[in-house]
Amino acid sequence: MGAGNKIIVAPFLKVNAMALFPFILIRDKRMADDVMLINHERIHLRQQAELLVIPFYVLYLLNYLLNLLVYRNHHKAYMHIVFEREAYANEANTAYLKHRKWQAWGSYF
């Protein structure tokens, strides 16, 4: 498990992982070794911290709902959420959070 990550195994999850500030929930303990998955969730933790947590969840949900109206498809709506776009675009770059600009998610609109 990565240093500084508060990872909790939550077998009830319907997804592989979820960032729920300040924790990363994973469905299976083996997922703690998935560097890209953990980095993706760490990007979400940074986004949540920047927006003081609650506003992140509100914006995330609103962005999803607007995308759902546009795309009329859950997967497309999810993949076009600005927070997900940033996380997916940078999940393979483990150094990303070291040089990431403040509120970088804004450039994914």
For the aromatic rings, using the six-membered ring if either is Trp, is the centroid distance between His44 and Phe21 under 6.0 Å?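 No.
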Kindly state whether the ring of Phe83 and the ring of Phe56 have centres lying under 6.0 angstrom apart.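 For Phe83 and Phe56, the ring centres are under 6.0 Å apart.
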Can you give me the closest heavy-atom contact between [X] and [Y], atom names plus distance?
X     : Y     : result
Leu13 : Met18 : CD2-CE, 4.2 Å
Leu37 : Ala17 : CD1-CB, 3.7 Å
Thr94 : Asn39 : CA-ND2, 4.0 Å
Ala77 : Asn67 : O-ND2, 3.1 Å

In the single-linkage hydrophobic clustering (I, L, V, M, F, W, Y; side-chain heavy atoms under 4.5 Å), do [X] and [Y] co-cluster?
X     : Y     : result
Ile43 : Tyr88 : no
Val15 : Met31 : yes
Leu61 : Leu45 : yes
Ile38 : Met36 : no

Who passes ring-ring contact (aromatic ring centres under 6.0 Å, His included) against Tyr71, sequence neighbours left out?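 Applying ring-ring contact (aromatic ring centres under 6.0 Å, His included) to Tyr71 gives His80.
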Tell me, please, which residues at least two apart from His75 pass ring-ring contact (aromatic ring centres under 6.0 Å, His included).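 So His75 forms no ring-ring contact (aromatic ring centres under 6.0 Å, His included) with any residue.
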Run Asn93 and His99 through side-chain contact (heavy atoms from CB on, under 4.5 Å) and show every step you take. CA-CA 11 Å; Asn93 179 359; His99 56 79; 3.6 Å; yes
Do any N or O atoms from the side chain of Asn63 and from the backbone of Val82 form a donor-acceptor pair under 3.5 angstrom?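 Yes, the answer is positive, given that a donor and an acceptor are paired below the 3.5 Å cut-off.
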Ignoring hydrogens and angles, write down the donor-acceptor pairs under 3.5 Å from the side chains of residues 102-109, residues two or more places apart or on other chains.
unit_1	atom_1	unit_2	atom_2	d
Trp105	NE1	Glu50	OE1	3.4
Ser107	OG	Ala104	O	2.8
Tyr108	OH	Asn90	ND2	3.1

Residue list, side-chain hydrogen bond (donor to acceptor under 3.5 Å, both in side chains) with Glu86, at least two apart or on another chain: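 Residues passing side-chain hydrogen bond (donor to acceptor under 3.5 Å, both in side chains) with Glu86: Gln47, Tyr96, Arg100.
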Can you check whether Ile24 reaches Lys6 side chain to side chain, under 4.5 Å on heavy atoms?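 Answer no - side chains too far apart.
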Tell me, do Arg46 and Leu97 make a side-chain contact under 4.5 Å, heavy atoms counted?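 In short, these two side chains touch, coming nearer than 4.5 Å.
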Output every pair passing side-chain hydrogen bond (donor to acceptor under 3.5 Å, both in side chains) with a member in residues 53-62, not counting sequence neighbours, ordered by first then second residue.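 Of all non-adjacent pairs touching residues 53-62, those that pass side-chain hydrogen bond (donor to acceptor under 3.5 Å, both in side chains) are Gln48-Tyr57, Tyr60-Glu84.
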Please list, chain by chain and in numerical order, all residues satisfying side-chain contact (heavy atoms from CB on, under 4.5 Å) with Ile8, sequence neighbours excluded.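 Checked Ile8 against side-chain contact (heavy atoms from CB on, under 4.5 Å); matches are Phe23, Leu25.
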Atom CD1 of Ile54 and atom CG of Leu59: how far apart are they, to the nearest 0.5 Å?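 If I round to the nearest 0.5 Å, the distance is 11.5 Å.
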Quick one: pull up CG in Asn16 and CD1 in Ile26 and give me the separation to the nearest 0.5 Å.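 Output value for this atom pair is 10.0 Å.
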